[in-house]
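Below is one structure, written out as structure tokens; comments come after it.
Here, residue 1 is the first one in the sequence, and each next residue gets the next number.
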Amino acid sequence: VQLQASGGGLVQTGGSLRLSCAASGRTLISYNMGWFRQAPGKEREFVASISRSGISTNYADSVKGRSTITRDNAKNTVYLQMDKLKPEDTAVYYCAAGSTIATISRAYDYWGQGTQVTVSS
């Protein structure tokens, strides 16, 4: 499966963005999905995950209450709505697909190219 992340950009503190991850090559319903991010000089970290059905979701404490992960299997797309953005949310955001739902990056088999999110103070 090929993943294409989009929707990043420059936003002010307190603003919102919706990231999208479009899949091709295989239907998305075959996979659990995750979003990760990596800031300059830091390791890649878990942001959110969603099960194949969309029923189960999980969030990092740093984004809980400010972000919502959803999926539209008919459109083969996963979304990450991020609200009340903070400068510390600045990072490259990656979507990932895997057979298990997890918070660790090595559990995911396929990765998108990343989309830059920059939050200005």
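Closest approach of R52 and S30 over heavy atoms only: NE-O, 2.9 Å. Contact between D89 and K84 at its shortest, heavy atoms only, is OD2-O, 4.5 Å. Across every non-hydrogen atom of S51 and I55, the tightest pair is OG-N, 3.4 Å.
You'll find the side chain of S20 stays beyond 4.5 Å of the side chain of K75, heavy atoms only. Proximity of T103 to N58: side-chain heavy atoms (C-beta onward) are separated by under 4.5 Å at one or more points.
Both V92 and Y108 belong to a single network of hydrophobic side chains, linked directly or stepwise wherever heavy atoms of I, L, V, M, F, W or Y lie under 4.5 Å apart.
Once rounded to the nearest 0.5 Å, the distance linking CD of Q38 with OG of S105 reads 9.0 Å. For the atom pair N73 CG and S53 OG, the distance stands at 8.5 Å (nearest 0.5 Å). In this structure, E88 CD and S121 OG are separated by 10.0 Å, a value rounded to the nearest 0.5 Å. The CD atom of Q113 lies 8.0 Å from the OG atom of S6; values are rounded to the nearest 0.5 Å. Atom CD1 of I101 sits about 4.0 Å away from atom OG of S49, to the nearest 0.5 Å.
The pair D61-K64 counts as a salt bridge, with a side-chain nitrogen and a carboxylate oxygen less than 4.0 angstrom apart.
Both the sub-6.0 Å distance and the 45° axial angle are not jointly satisfied by R44 relative to the ring of F36.
The closest donor-acceptor contact from the side chain of R71 to the backbone of N32 lies at 3.5 Å or more, if one exists at all. Under the 3.5 Å distance criterion, the side-chain polar atoms of R18 are left unmatched by any main-chain donor or acceptor of Q81.
At a cut-off of 3.5 Å, with distance as the only test, a side-chain donor of T118 or Q116 sits close to an acceptor on the other residue.
Within a 6.0 Å sphere centred on CG of L10, other residues, nucleotides and ligands contribute more than 12 heavy atoms.
With side-chain heavy atoms closer than 4.5 Å counting as contact, directly or through intermediates, the hydrophobic cluster containing L80 also holds V1, L3, V11, L17, L19, L28, Y31, M33, W35, V47, I50, Y59, V63, I69, V78, M82, L85, Y93, Y110, V117, V119.
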